[in-house]
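The structure appears below as structure tokens.
Order of the sequence lines fixes the chain letters, A, B, ..., with proteins taken first and strands second; residue numbering starts at 1 for each chain.
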Number of protein chains: 2
Amino acid sequence: MYNADEAAGAPTAIICEKIWLAIAERRLRPGTRLKEEQLAEIFSVSRARIRQALTALERDGLVTIMPNRGAFVSEPSVDEARDVFVTRRAIEQRVVERLCERATVEDIERMRSHIDEERVAGKVGDLSAIVRLSGGFHLLLAELSGSAFLFGILRDLVSRTSLITAMYRSNHLHNCGPDEHMAVVDRIAARDAAAAIREMAEHLHHVEAELDLDEEKDQPRDLRAALL
Amino acid sequence: MYNADEAAGAPTAIICEKIWLAIAERRLRPGTRLKEEQLAEIFSVSRARIRQALTALERDGLVTIMPNRGAFVSEPSVDEARDVFVTRRAIEQRVVERLCERATVEDIERMRSHIDEERVAGKVGDLSAIVRLSGGFHLLLAELSGSAFLFGILRDLVSRTSLITAMYRSNHLHNCGPDEHMAVVDRIAARDAAAAIREMAEHLHHVEAELDLDEEKDQPRDLRAALL
DNA sequence: GTACACAATATTGTCTACAATTTTGTAGTC
DNA sequence: GACTACAAAATTGTAGACAATATTGTGTAC
């Protein structure tokens with residue numbers, strides 16, 4: 001891990017990751033304004049580089065850029081949140097399906113050792129690692145599925161899931177539990193595609209179910225809707 | 001349509017679209033180098049704007065940027081091409097599925113009138129319009145499915161499909177025929193999800209089958225592989 | 001006292017100049 | 001004569017300066 005205090009002259013990818021992590025860990029709340037000059041000073045880089053980072057983050061759906069207005073941490077609506085999970089189920093079903101056909105024993109081993117890391121992070125209570133690893137498991141599966149597009153798409157979706165989780169869940173720790181991950185891996189190892197798909201779908205439903213997507217159904221997007 | 005001769009001071013989106021169309025219409029062949037200064041002069045804009053356009057096109061997979069080397073029109077491999085179709089089938093299955101549940105009569109009408117446009121373009125022989133509309137049909141379906149993510153993902157995939165079609169097919173005209181599109185819409189209108197999904201899968205298989213993805217199986221990515 | 005118009009400030013958007021890197025051409029040496 | 005090292009040209013990457021736009025604060029008129 002990089003030391004957060006030594007951020008001088010960091011390349012664009014590092015800046016993106018730092019902002020991404022800050023959002024996922026709820027240090028940057030949805031709706032927060034991200035002033036370019038301010039960020040440039042914080043990271044000790046030029047404003048041009050910050051703009052690059054912000055446009056990249058916009059592409060991942062983490063920040064929303066309003067022309068001539070500035071960049072803000074995105075505030076995904078309930079509908080958008082549900083939409084992410086709908087799409088994830090579609091993508092990850094296909095990922096698991098392919099893994100049941102193609103995964104090697106080395107692949108299975110990588111999945112298991114990843115889950116070990118998750119468990120360690122959970123015991124130690126390293127929030128930063130937990131956030132990264134829980135999403136990372138799904139990305140690892142997508143990577144091992146051998147489809148660069150499924151991987152790329154899921155990368156987007158996982159980022160958005162982190163934001164959604166940060167926004168609609170009081171506590172992030174229970175999500176993406178290593179036990180449910182292991183259940184999926186066991187089914188893949190057994191080459192039981194139907195069961196693996198079911199296990200994954202169930203897992204994603206659990207993650208979604210832990211969010212408060214029902215209560216504050218239409219949360220205000222603009223002031224008018226909020227106050228009248 | 002814009003006049004291609006009057007491109008002075010065009011915003012980034014216009015530049016992207018022009019380059020995209022040039023690639024889709026095979027005026028820019030895969031592997032072509034895209035020098036920034038040259039493009040800046042052609043479009044009568046600053047080099048900074050060209051860089052914006054190129055990074056946007058890279059995100060869509062149409063150009064490949066090699067650091068300190070420059071931007072090139074992407075050369076998707078056979079495996080990547082197949083991968084795109086695998087992913088498209090997964091995504092568009094879900095799109096059609098949702099449309100069978102949610103599509104209104106107005107939606108069906110929009111699909112049908114879009115297909116009418118395709119037929120007109122086909123009769124007139126407007127290659128530019130054919131390219132745009134054939135992909136546009138699938139995007140319209142995704143848009144009407146009500147899932148912004150399915151739409152966004154398919155947007156990417158359709159762009160890549162255009163590039164792949166331009167690369168592996170001698171004649172673009174037979175792809176995405178309006179008749180097969182109409183077959184899908186008819187099934188959606190009849191709310192027959194299973195049949196609609198089958199019709200769409202078949203259509204995508206046809207498009208893929210018309211490409212020469214078998215013959216030049218490992219086309220050279222680098223000189224070493226090409227010459228030794 | 002309120003509302004509108006105007007000005008000041010702050011922030012983003014764009015362009016131009018400079019620095020770093022890579023590629024190509026040339027000369028020198030073995 | 002061929003290979004290596006060096007230099008020059010071209011191209012990309014970066015940063016800083018300037019212009020455009022939106023927001024906020026103030027003043028004046030009704």
A correct 5'-to-3' footprint of nucleotides 14-19 of chain C, with B, S and - meaning base, sugar-phosphate only and no protein heavy atom under 4.0 Å, is BB-B--

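Protein atom CZ of Phe72(B) is 12 Å distant from nucleotide atom P of dT11(D), rounded to whole Å. Here the P atom of nucleotide dT12(D) and the NZ atom of Lys35(B) are 8 Å apart, to the nearest Å. Remark: P of dT12(C) and CD of Glu58(A) are 14 Å apart, rounded to the nearest angstrom. In this entry the distance linking CD of Glu37(B) with P of dG13(D) reads 13 Å, nearest Å.
Salt-bridge formation is detected for the pair Arg160(B)/Asp156(B): a Lys NZ or Arg NE/NH1/NH2 atom is positioned less than 4.0 Å from an Asp or Glu carboxylate oxygen. A salt bridge is absent between Arg47(A) and Glu37(A): the closest approach of a Lys/Arg side-chain nitrogen to an acidic carboxylate oxygen does not fall below 4.0 angstrom. Salt-bridge formation is detected for the pair Glu97(B)/Arg94(B): a Lys NZ or Arg NE/NH1/NH2 atom is positioned less than 4.0 Å from an Asp or Glu carboxylate oxygen. By the 4.0 Å N-to-carboxylate-O rule, Glu208(A) lies close enough to Arg89(A) to be salt-bridged with it.
Using modelled atom types and a 3.5 Å distance limit, the side chains of Thr104(A) and Asp107(A) yield a donor-acceptor pair.
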Pairs under 3.5 angstrom, nitrogen or oxygen only, protein versus nucleotides 21-23 of chain C, please.
unit_1, atom_1, unit_2, atom_2, d
dT23(C), OP1, Arg69(B), NE, 2.8
dT23(C), OP1, Arg69(B), NH1, 3.3

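Residues that satisfy the side chain to side chain contact (heavy atoms under 4.5 Å, CB included) test with Arg102(B), not counting sequence neighbours, are Arg98(B).
Within the 4.0 angstrom heavy-atom criterion, no nucleotide atom of any strand lies near Ile50(B).
With contacts defined as side-chain heavy-atom distances shorter than 4.5 Å, the pair Leu163(A)/Val73(A) qualifies. Looking at heavy atoms from C-beta onward, Phe151(A) lies out of side-chain contact with Val95(A) at the 4.5 angstrom threshold.
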